[in-house]
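Some notes on the structure that comes next.
Note: hydrogens, waters and symmetry copies are ignored here, and every other heavy atom, side chains too, is used. What you are looking at is a predicted structure, and each value in this text was computed from that prediction instead of being measured.
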Amino acid sequence: MLLDPTNEIVQLCAEGMNLEGEGNGNQAAQLFMCAWHLAKNDYEKFIAAHYVVRQQPSVTAKLEWDLAALDAASKGSGDEVKGAYPSLYLAIPQKYSKPSHPDVEVRNINDQRNV
């Protein structure tokens, strides 16, 4: 999967990854969510959702964002995201097999996506 380094969404996600690497997960999560809200097309939504997953507090939330990434990828041109399909198709069933954690707050993903 090729990422355009001049793309605003790619830049936000890269900055988020740097913050995540420095131990600033909350700031990274904010940048990833900002990228989701700024995404102008399905390809950009796929990229943003792919990174939003990383900072989700529960298996349920991670699964919902993986499904959002898959949905956006399937609506895109295909060639841009072709390399990401294997990891998406592996990540989704793994989350279904994990036990739920009722002590972890589950965010309402649909509300977050539509803000």
Side-chain angles (χ1 to χ4, degrees):
M1 177 175 70
L2 296 174
L3 297 177
D4 177 2
T6 64
N7 181 288
E8 177 184 21
I9 302 308
V10 171
Q11 290 173 351
L12 285 170
C13 292
E15 187 177 342
M17 289 296 294
N18 286 335
L19 287 168
E20 193 178 80
E22 296 168 357
N24 299 314
N26 288 337
Q27 290 176 320
Q30 290 174 354
L31 281 179
F32 298 148
M33 191 58 67
C34 180
W36 171 261
H37 291 297
L38 293 173
K40 297 176 189 93
N41 57 51
D42 292 317
Y43 174 65
E44 289 180 349
K45 285 186 181 295
F46 158 72
I47 293 169
H50 179 72
Y51 286 96
V52 169
V53 169
R54 299 175 61 85
Q55 290 295 322
Q56 294 307 300
S58 71
V59 173
T60 302
K62 289 176 186 291
L63 175 61
E64 293 223 12
W65 280 103
D66 273 336
L67 292 172
L70 181 60
D71 183 56
S74 68
K75 292 177 182 173
S77 69
D79 289 341
E80 295 172 318
V81 297
K82 196 181 291 185
Y85 279 116
S87 66
L88 282 170
Y89 283 121
L90 286 173
I92 291 169
Q94 288 174 352
K95 289 178 180 80
Y96 274 113
S97 66
K98 292 185 180 184
S100 63
H101 300 282
D103 56 316
V104 178
E105 177 184 339
V106 177
R107 297 180 185 170
N108 185 330
I109 301 302
N110 289 327
D111 286 347
Q112 287 186 23
R113 287 190 204 149
N114 295 321
V115 172

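Heavy-atom minimum distance, Leu12 versus Leu38: CD1-CD1, 3.8 Å. Nearest heavy-atom pair, Ala61 versus Ser58, reported as atom, atom and distance to 0.1 Å: N-OG, 3.0 Å.
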Per-pair distances, 0.1 Å, donor-acceptor, side chain in residues 25-32, under 3.5 Å, sequence neighbours excluded:
none

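Here the NE2-NZ distance, from His37 to Lys45, works out to 9.0 Å after rounding to the nearest 0.5 Å.
Remark: Ala48 pairs with Ile9, Ala35, Trp36 by the side-chain contact (heavy atoms from CB on, under 4.5 Å) rule, at least two apart or across chains.
A salt bridge links Lys75 with Asp71; the closest basic N to acidic carboxylate O contact falls under 4.0 Å.
For residues 46-61, every residue pair satisfying the salt bridge (charged side-chain N to carboxylate O under 4.0 Å, His left out) rule, not counting sequence neighbours, is listed here: Glu20-Arg54. Residue pairs meeting the side-chain hydrogen bond (donor to acceptor under 3.5 Å, both in side chains) criterion with at least one partner in residues 7-19, sequence neighbours excluded, are Asn7-Glu44.
Side-chain N or O atoms of Glu64 include none that pairs as donor or acceptor with a backbone N or O of Thr60 at under 3.5 Å.
For the pair Phe46 and Asn41, the minimum side-chain heavy-atom distance is 4.5 Å or more.
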